[in-house]
Each structure stands twice: as C-alpha cells, then as structure tokens.
Amino acid sequence: MTDSTILVWVETTAEGAPAPTAAGLLGAAAAVGAPVALVVTAPGTGDAAAQAAAALGAARVLVAETDAVSSQLTVPVVDALAAAVAQAQPDAVLVANSIEGRDAAGRLAARLRLAVAADAVGVSRDDEGIVAQHSVYGGAYNTVSAATFGPLVVTVRQGAVDARAEAVAAPTIERLEAAASGSAAASVDGFEPAVAATTRPDLRGAAKVVSGGRGLGSAEGFALAEQLADALGAAVGASRAAVDAGYIPYAAQVGQTGVSVSPQLYVALGISGAIQHRAGMQTAKAIVAVNKDADAPIFDIADFGVVGDVFTVVPQLIAALEARKA
Ligand SMILES: Cc1cc2nc3c(=O)[nH]c(=O)nc-3n(C[C@H](O)[C@H](O)[C@H](O)COP(=O)(O)OP(=O)(O)OC[C@H]3O[C@@H](n4cnc5c(N)ncnc54)[C@H](O)[C@@H]3O)c2cc1C
C-alpha cells in the first residue's frame, strides 16, 4: 500500500454527524492510500465531527470551522477543499455523488483546473495514479477514467463501495484556515428541518431497496411494494411507468432520469427491466425480480427471479419474513 494521501470530504448532517456516505468514502480511500478527512462545520462543532470521522477510519482530519457553512451553499466547502488540497497534496479527492458533493466537486475542479470523474462505482490505483471505475450505458459497460495531471476529483455513487476502513482511536486533528474566496454563493435565509413523512431509509444510499412498477396496477396495488419494503427494512423505489401513473411521487423513480442506487439487495416487483430503469440499479449486489412474464428483460440481470403474479408471490414473501421475525 502506498502512503499517498486521498482527501475525503466528509459531509455532515444538520446535527453535525458524518453523513451515511462517509464510511464508504473513507473505506474506498483507505484501499488506495492514506485517507485524510475534511470536515467543514460551524464553529465549536469541528472536534466532535473529527472524532466521528476517525471512528470511520480517518487517521488525519482537517477541520475547517466557519460561520459561513450555515449561511451559504457550497462555496465555504469549496474554499475549504481548495485549502485542504494545498495542505494535504492528495492523489485524489473523493466526495459523495450527492447533490452537495456533485456541486462541490464541479466547483473545486473548475477553480483548481482539475479533472472530475463523476458517479464512480469504485476507485483503484495503477502505476500512474488513481483510477475511477464507472458503470455506463445502463450498466452494460464498465469503464475507467483517470487524470493526466493533478489530483483526480471523484464523486462516488452512494452505496457503491462496500469497503470499510478501520476505526482510528487517536486521530491527528489539524485546524484548516480556509480564506473566504468571495465566490458567488446562494445564501441561506432560513433553515427548517423537513418533517420526515416516513421512517423508511432514504432511497439514495439504502442497503436494501424494493421497487414497484406498472405491474402493481394502481396506487393501492403499489402498497404491496411498501409492505415488502417495511418487512425488509428497505427503501421504496419505482419505475418511471409507476411514477407517471401516479402510484408514488417522482422522488422514488430509479433509473436514467431518476435516482441511481447500488444497494446490497434490489427487489423489482412488476418491472419489465427497460434499459433506462436498469441504468439506475444494475450495480446492485443482488437483484431479485418478480414478474409474471418469463421473458421480461429484468430476468436477464436478476440473481434470483420468480415468474409469477406479484399479488400471489409477494404476500407469501411478506408472511414468511414476518414469521422469521416472530
Ligand atoms: C429518455 C427516457 C428516460 C427514461 N428514464 C427512466 C427511468 O429513469 N426509470 C425508469 O424506470 N424508466 C425510465 N424510462 C422508461 C422506460 O423506458 C420504461 O418505459 C419503464 O421503465 C417501464 O416501467 P415498468 O417496467 O414499470 O412498466 P412496463 O414496461 O409496462 O412493465 C410492467 C411489467 O410488469 C409485469 N407485470 C404486469 N402485471 C404483473 C403482475 N400482476 N405480477 C407480476 N408482474 C406483472 C409485466 O410482465 C411487465 O414486465 C425512460 C424512458 C425514456 C425514453
């Protein structure tokens, strides 16, 4: 293993804890170098965030504390990332492929004239440096990308990396002075936590996803997918046909024009497996499909397939899962 540095921006939640993406990012970094975490927090909260990042495998944590993080979008993070790149001289910068991560990655790369590898499903190292792996054209091809100069900025798809780094008990914590760039930034006028309408996991980054398609027939029928999701502790996704038919809001759409997921388990109920749907779920570690058409394309990529009616198969599946819990 090389000692080269991999800088990881550890996003934090509103409560100041590392976002769920942090463990995978630090695990990916540890597999190709020495992970250095950057946390950008409100004054007074950096040490707790740094310790939490260390518990996920960061031996060295750069802490940038600034009031601006609560009043401006992205720019304070990019200012800190630019300062961290100068200080740590990393071989690569890893951020989550979240909305904030993509925004920060693009701005950082434009500011420092670096290359971006977007939506990577893994990172590796060859003789010349860090290589990002991608799953493209609906998962039909795997490609790699690398930078010919400077550290590669990589946005890593949530849930795509299983690797976990070992916890570090006594991290090196360094204060990072990041001068405000004054770049144009959207300002935050108010902050109101959204009331969670569900206790289900967030679709992005969920370890298990149950998705329903047009085969569920109606919004009432779609409840079956939600019941199976609850029995498994899974997030709920959907095909575009299900979303267009109004079974569930657009936010649940998985695919080319929806969310990309890489869960451990993806269950597709009444989904044909069109290329645009596969684009968003084909990197799942295990795919289970229930469809009454034995020739449905979803079976081409399923690890386990059941040819049958969802309204017959799924209630039995839920009953079996509930029986195991009892
Ligand atoms: C530019 C573009 C972007 C797109 N982006 C996306 C995207 O992001 N995500 C996406 O999902 N789609 C996307 N689509 C649409 C995509 O092409 C398909 O139309 C869509 O995925 C089909 O959804 P579906 O599988 O639910 O419906 P269908 O293709 O109608 O399939 C329904 C399936 O349910 C099965 N079925 C029916 N009844 C039952 C039953 N009782 N029990 C078991 N099985 C049953 C049928 O055999 C069938 O296989 C996009 C299309 C375009 C052109």
Side-chain angles (χ1 to χ4, degrees), residues 97-99 102 118-121 134-141 155 157-160 200-206 208-232 234-263 265-321:
N97 194 51
S98 59
I99 292 168
R102 293 196 298 261
D119 196 23
V121 294
H134 307 266
S135 172
V136 300
Y137 294 124
Y141 294 91
T155 74
R157 186 181 296 182
Q158 292 107 307
R200 294 187 188 115
D202 191 17
L203 182 56
R204 292 170 196 270
K208 299 176 200 163
V209 175
V210 175
S211 284
R214 196 181 345 233
L216 288 162
S218 64
E220 293 72 37
F222 198 89
L224 195 60
E226 297 172 333
Q227 286 162 18
L228 179 58
D230 291 342
L232 286 166
V236 174
S239 71
R240 177 159 145 183
V243 167
D244 286 350
Y247 302 170
I248 187 164
Y250 167 71
Q253 182 176 317
V254 172
Q256 182 183 320
T257 43
V259 175
S260 287
V261 296
S262 276
L265 173 67
Y266 188 88
V267 184
L269 304 178
I271 292 179
S272 59
I275 185 83
Q276 296 89 355
H277 186 78
R278 287 156 58 155
M281 46 66 73
Q282 194 152 347
T283 53
K285 310 296 178 299
I287 298 170
V288 175
V290 183
N291 195 305
K292 67 181 182 186
D293 175 6
D295 294 324
I298 193 76
F299 289 128
D300 295 344
I301 57 162
D303 299 284
F304 188 84
V306 180
V307 179
D309 190 313
V310 283
F311 297 104
T312 309
V313 175
V314 178
Q316 294 178 54
L317 187 51
I318 294 170
L321 286 165

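First listed ligand is number 1; within each ligand, the first listed atom is number 1. Excluded from the calculations below are hydrogen atoms, water molecules and symmetry mates; all remaining heavy atoms, backbone and side chain alike, are included. Owing to the predicted nature of the structure, the values given are computational and were not obtained by experimental measurement.
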Please state which option from Ser239, Gly237, Ala294 has its nearest heavy atom closest to atom 26 (O) of ligand 1.
Ser239

Taking all heavy atoms of Ile248 and all of Ala252, pick out the closest pair and write down the distance.
CD1-CB, 3.7 Å

Nearest neighbour in protein (non-hydrogen) for atom 5 (N) of ligand 1
Thr257 OG1, 2.6 Å

Looking at Gln276, Arg240, Gln256, the heavy atom closest to atom 17 (O) of ligand 1 belongs to Gln276

Please report the shortest heavy-atom distance between Phe222 and Val236, naming the atom on each side.
CE2-CG1, 3.7 Å

Has the side chain of His277 got a donor or acceptor atom that lies under 3.5 Å from a matching backbone atom of Arg240?
no

Give the minimum heavy-atom separation between Ser260 and Ala279, together with the two atoms involved.
OG-O, 4.3 Å

In the protein, what heavy atom is nearest to atom 41 (N) of ligand 1, and what distance, to one decimal place, separates them?
Asp309 OD1, 3.2 Å

Does Val310, backbone or side chain, put an N or O under 3.5 Å from an N or O of ligand 1?
yes

At what distance is the nearest protein heavy atom to atom 30 (O) of ligand 1, and which residue and atom is it?
Arg214 NE, 2.7 Å

Run the numbers for me: atoms of ligand 1, each under 4.0 Å from some heavy atom of Ala274, listed by number.
16 (C), 17 (O), 18 (C), 21 (O)

Nearest heavy-atom approach of Ser211 to Ala238 is OG-N, 3.5 Å

Hey, does the side chain of Tyr247 reach the backbone of Gly217 with a donor-acceptor pair shorter than 3.5 angstrom?
yes

Any N or O of Gly270 closer than 3.5 Å to N or O of ligand 1
yes

Which of the ligand 1 atoms, numbered from 1, are nearer than 4.0 Å to a heavy atom of Gly213:
26 (O)

Minimum heavy-atom separation for Gly258 and Tyr250, please, with both atom names.
CA-OH, 4.0 Å

If you round to the nearest 0.5 Å, how far is CD1 of Ile271 from CG of Leu216?
8.0 Å

To the nearest 0.1 Å, how far is atom 44 (N) of ligand 1 from its closest protein heavy atom, and which atom is that?
Lys292 N, 3.1 Å

Using a 4.0 Å heavy-atom threshold (strictly under), name the region of Ser272 that reaches ligand 1: side chain, backbone, both or neither.
both

Gly215 neighbourhood, listing ligand 1 atoms whose heavy-atom distance to it stays under 4.0 Å:
32 (C), 34 (O), 36 (N), 37 (C), 38 (N), 39 (C), 40 (C), 41 (N), 45 (C)

Where Ala225 and Val210 come nearest, the two heavy atoms and their spacing
O-CG1, 3.6 Å

Looking only at heavy atoms of Ala279, does any of them come nearer than 4.0 Å to an atom of ligand 1?
no

Considering only heavy atoms, which of Leu269, Asp293, Asn291 lies nearest to atom 49 (O) of ligand 1?
Asn291

Gly308 neighbourhood, listing ligand 1 atoms whose heavy-atom distance to it stays under 4.0 Å:
42 (N), 43 (C)

How many angstroms lie between OG in Ser98 and CZ in Arg157, if you round to the nearest 0.5 Å?
13.5 Å

Atom 7 (C) of ligand 1 - nearest protein heavy atom and its distance:
Gln253 NE2, 3.1 Å

Using a 3.5 Å distance criterion without hydrogens, assess whether the side chain of Arg102 forms a donor-acceptor pair with backbone atoms of Asn97.
yes

Among Ala241, Ser211, Pro297, which one puts a heavy atom closest to atom 22 (C) of ligand 1?
Ala241

For the 3.5 Å polar cut-off, considering only N or O atoms, please tell me whether Val254 and ligand 1 meet it.
yes

Treating Asp119 as the side-chain partner and Thr155 as the backbone partner, does any N or O pair qualify as donor plus acceptor under 3.5 Å?
no

Do any heavy atoms of Gly258 fall under 4.0 Å from ligand 1?
yes

